[in-house]
Amino acid sequence: MTASQLKLLFAQWADIMSAQKEKLIEMDSIVGDGDLGLTMSDGFGAAYHAVSRSDETDIGKFFYLAGKTMSSAVPSTMGTLMASGLIEVGKKFKGKTLLKSEDFGRLFQAFYDGVQNRGKAQLGEKTFLDGLFPAISVLNKQDVKAQSWGAIAQFAYEEAKLGVQNTTTLVAKHGRAATHGERSRSLLDPGAYVAQLLVSGYCMFANNFLAQD
């Protein structure tokens with residue numbers, strides 16, 4: 001698929017973040033400052049607006065544009081982390097003009113790496129990473145080429161959901177949530193839920209793309 005076709009992925013992300021804005025606000029109000037819903041809705045909305053008007057054919061530059069736009073639109077902690085993820089994807093895919101379905105494992109790994117490098121969190125510290133890592137594990141399996149893209153995307157989404165549920169066994173180590181100490185253990189992590197939403201949007205994109213084929 002081309003950069004032009006990937007605009008539909010950003011449309012899905014923008015739509016899902018907008019639809020889930022109030023839930024994210026509610027979740028973040030318990031452990032943070034409650035601005036996560038607005039940050040994700042505004043940030044991914046701005047990213048989609050930028051790429052939807054772009055004629056860029058280089059997939060790396062396409063994602064870099066999305067990341068830089070988000071960085072300017074929502075310069076909060078989580079906005080910066082998501083922008084860093086998109087920018088890292090941009091760096092890893094610079095020069096590519098076509099993307100295959102099996103490339104999405106590397107794409108989400110680059111997103112993960114960008115977020116981790118910026119935020120310095122580790123897996124198991126109750127963050128966005130804990131929601132995304134299980135999905136990446138599915139997408140990077142060696143036999144991914146032999147399986148249906150739609151089925152793999154759905155499995156990745158199911159694993160992301162399990163990753164989010166698993167955050168109720170973890171103690172927060174970062175941000176305002178960390179101030180709750182042991183009390184944070186029973187709570188779902190809002191950042192991990194954002195990761196679930198990203199994988200959900202990807203799953204919808206994959207199935208819609210296949211339906212158009």
Side-chain angles (χ1 to χ4, degrees), residues 1-21 40-41 43-70 82-83 85-115 128 131-164 193-213:
M1 64 206 74
T2 64
S4 180
Q5 290 170 314
L6 286 167
K7 292 176 183 181
L8 295 176
L9 175 59
F10 279 89
Q12 291 285 4
W13 283 342
D15 286 347
I16 201 167
M17 293 303 174
S18 178
Q20 293 288 313
K21 179 170 68 173
M40 293 299 93
S41 180
F44 279 96
Y48 170 61
H49 184 64
V51 299
S52 68
R53 297 180 299 163
S54 174
D55 294 325
E56 182 58 66
T57 59
D58 184 310
I59 290 171
K61 292 179 180 179
F62 179 83
F63 272 89
Y64 191 85
L65 169 63
K68 293 299 287 184
T69 301
M70 181 178 287
M82 295 300 97
L86 291 169
I87 288 170
E88 187 64 24
V89 173
K91 292 177 181 177
K92 290 291 173 64
F93 285 82
K94 185 177 180 181
K96 288 185 68 72
T97 56
L98 288 174
L99 202 65
K100 297 179 180 178
S101 59
E102 57 263 31
D103 289 329
F104 279 96
R106 289 198 306 119
L107 190 153
F108 277 108
Q109 183 66 59
F111 198 115
Y112 179 102
D113 292 343
V115 172
F128 172 87
L132 191 57
F133 181 80
I136 293 173
S137 297
V138 171
L139 296 173
N140 278 330
K141 283 187 175 180
Q142 290 185 347
D143 62 347
V144 68
K145 291 182 182 180
Q147 299 186 49
S148 159
W149 183 21
I152 287 291
Q154 182 64 40
F155 186 26
Y157 172 54
E158 296 300 330
E159 288 297 295
K161 288 198 293 184
L162 289 176
V164 174
Y193 187 67
V194 168
Q196 177 187 316
L197 295 182
L198 289 180
V199 180
S200 174
Y202 162 66
C203 186
M204 288 186 283
F205 164 74
N207 284 286
N208 289 340
F209 192 91
L210 288 170
Q212 294 172 9
D213 254 5

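When reading the values below, keep in mind they use all heavy atoms of this one structure, side chains included, and skip hydrogens, waters and symmetry mates. The shown structure was predicted, so the numbers you read here are calculated from the model rather than taken from an experiment.
In this structure the side chain of Met17 reaches within 4.5 angstrom of the side chain of Val194, judged on heavy atoms. Within the 4.5 Å cutoff, the side chain of Ile87 has heavy atoms near those of the Lys91 side chain. No side-chain heavy atom of Tyr48 sits under 4.5 Å from any side-chain heavy atom of Trp13. For the pair Leu6/Phe63, a side-chain contact is recorded, criterion being any heavy-atom separation below 4.5 Å from C-beta on. The closest side-chain heavy-atom distance from Phe155 to Lys141 is below 4.5 Å. Between Phe44 and Met70, the closest side-chain pair of non-hydrogen atoms falls below 4.5 Å. At least one side-chain heavy atom of Asn208 sits under 4.5 Å from a side-chain heavy atom of Gln12. Residues Tyr64 and Leu86 are not in side-chain contact: their nearest non-hydrogen atoms beyond the backbone lie 4.5 Å or more apart.
Smallest separation of non-hydrogen atoms from Ala50 and Thr69: CB-OG1, 3.4 Å. Taking each heavy atom of Ile16 and Gly201 in turn, the nearest pair found is CD1-N, 4.2 Å. Considering every non-hydrogen atom in both Gln5 and Phe205, the closest pair reads O-CE1, 3.6 Å. Minimum interatomic distance between Ile152 and Val138 (heavy atoms only, all atoms of both residues): O-CG1, 3.9 Å. Residues Ala47 and Ala66 come closest through the heavy atom pair CB-O, 3.9 Å. Between Ala153 and Ala206, the closest heavy-atom pair is CB-CB, 4.0 Å.
Once rounded to the nearest 0.5 Å, the distance linking CG of Leu162 with OH of Tyr157 reads 11.0 Å. Considering CD of Gln154 and CE of Met204, their distance stands at 10.5 Å, rounded to 0.5 Å. Distance OG1/Thr57 to CZ/Phe62: 11.0 Å, rounded to 0.5 Å. Remark: Asp113 CG to Lys92 NZ distance equals 5.0 Å, nearest 0.5 Å. To the nearest 0.5 Å, atoms OG (Ser41) and CD (Gln20) are separated by 11.0 Å. Here the CG atom belonging to Leu9 is positioned 9.0 Å from the CG atom belonging to Leu198, to the nearest 0.5 angstrom.
For an aromatic pair to be called close, the ring centres must be under 6.0 Å apart, and Tyr202 with Phe111 fails this.
Considering only residues two or more places apart in sequence or on other chains, Lys161 meets the salt bridge (charged side-chain N to carboxylate O under 4.0 Å, His left out) condition with Glu158.
Counting only distance, with no hydrogens or angles, the side chain of Ser200 and the backbone of Gln196 share no donor-acceptor pair below 3.5 Å. Between the side chain of Ser52 and the backbone N or O of His49 there is at least one donor-acceptor pair closer than 3.5 Å. At least one donor-acceptor pair closer than 3.5 Å links the side chain of Lys7 to the backbone N or O of Ser54.
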Apply side-chain contact (heavy atoms from CB on, under 4.5 Å) to residues Val115 and Leu132 and explain how you reach the verdict.
CA-CA 11 Å; Val115 172; Leu132 191 57; over 6 Å; no
Stepwise side-chain contact (heavy atoms from CB on, under 4.5 Å) test for Leu98 and Thr2:
CA-CA 5 Å; Leu98 288 174; Thr2 64; 3.8 Å; yes
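Each of Val89, Leu139, Asp103, Asn140 was checked for a side chain to side chain contact (heavy atoms under 4.5 Å, CB included) with Phe108, and the lone residue meeting it is Leu139.
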